[in-house]
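The structure appears right after this line, and notes come after that.
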Amino acid sequence: MRDIDPEQRIYAVLAAIPSGVVVTYGQVAELAGLPRAARLVGRTLRHLPADSTLPWHRVINAAGKISLPLDSDSGKRQIARLQEEGLVVKGGRISLSKYRWRA
DNA sequence: ATGGTGACTTGGC
DNA sequence: TGCCAAGCCACCA
């Protein structure tokens, strides 16, 4: 049998992230068995279809900030969803020490 | 083939 | 806490 594609692994990790928490790109990469592939994760999310049901909004960068222009549609959508899940978002920043998910 | 780019990360000040 | 430089990896002109 052949291995699962990197993208499929990333999708699986995303689907496992519970509501109310966030993870970093690098964390997703590691959980997917793809160390140092943080950029690949970002690129994969960029290619997600608009109708995807995956919780891509729970992924932020290592600085604890939204990696999208805060004034873009996607950026505003991500902030809105995180707030709906109860997180405090200030200036596009989220407290990793409080909301980071530990698997 | 070669260099630039980006939804990234880490280490040094 | 914040800015910079380097490292990293896949994609694109």
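All chains are named by letter (A, B, ...) in the order of the sequence lines, taking the proteins before the strands, and each is independently numbered beginning at 1.
With both pairing distances under 3.5 Å, B:dG3 is matched to C:dC12 as a Watson-Crick or G-U wobble pair.
Among the nucleotides C:dC8, B:dT9, C:dA10, the one closest to any side-chain atom of A:N61 is B:dT9. Counting only heavy atoms from C-beta on, A:R93 has its side chain closest to C:dG2 among C:dG2, C:dA10, B:dT10. Residue A:W56 places its side chain closer to B:dA7 than to any other of B:dC8, C:dC8, B:dA7.
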Practice problem: Begin with the C-alpha distance, continue with both residues' side-chain angles, and end with the deciding distance and a verdict on side chain to side chain contact (heavy atoms under 4.5 Å, CB included) for A:R58 and A:S19. | Solution: CA-CA 8 Å; A:R58 295 179 189 144; A:S19 174; 3.4 Å; yes
Practice problem: Begin with the C-alpha distance, continue with both residues' side-chain angles, and end with the deciding distance and a verdict on side chain to side chain contact (heavy atoms under 4.5 Å, CB included) for A:L82 and A:I79. | Solution: CA-CA 5 Å; A:L82 289 175; A:I79 292 173; 5.9 Å; no
Quiz item: Where do A:L96 and A:I60 land on the side chain to side chain contact (heavy atoms under 4.5 Å, CB included) test, with the steps shown first?
Solution: CA-CA 9 Å; A:L96 278 176; A:I60 62 179; 3.8 Å; yes
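Rounded to an integer number of Å, the gap from CD of A:E7 to C1' of C:dC11 is 12 Å. Between the CD1 atom of A:I10 and the P atom of B:dA7 there is a distance of 15 Å, rounded to whole Å. The interatomic distance linking A:K65 (NZ) with C:dT1 (P) rounds to 11 Å, in whole Å. Per the geometry, CD belonging to A:Q78 stands 8 Å off C1' belonging to B:dA7, to the nearest Å. A straight line from CD of A:E30 to P of B:dC8 spans 17 Å, rounded to a whole angstrom. The nearest whole Å value for the distance from the CD1 atom in A:I79 to the C1' atom in B:dA7 is 13 Å. Rounded to an integer number of Å, the gap from CG of A:L40 to P of B:dT9 is 13 Å. Here the P atom of nucleotide B:dA7 and the CD1 atom of A:I94 are 17 Å apart, to the nearest Å.
Within 4.0 Å of A:A37, counting heavy atoms only, lies no atom of the nucleic acid at all. Residue A:R43 is classed as a sugar-phosphate contact, given heavy-atom separations below 4.0 Å to backbone atoms only. As judged by a 4.0 angstrom heavy-atom cut-off over every strand, A:T24 is placed among residues touching the sugar-phosphate backbone only.
A:H57 and A:E85 share a donor-acceptor pair across their side chains, judged by distance under 3.5 Å alone.
One donor-acceptor pair, N or O on each side, does fall under 3.5 Å between the base of B:dC8 and the side chain of A:R39.
Position along DNA chain C of the nearest nucleotide to A:P35 versus A:H47 favours A:P35 as the more 5'-ward residue.
Results of the side-chain contact (heavy atoms from CB on, under 4.5 Å) test with A:V23 over A:V13, A:I17, A:L14 single out A:I17 as the only residue that passes.
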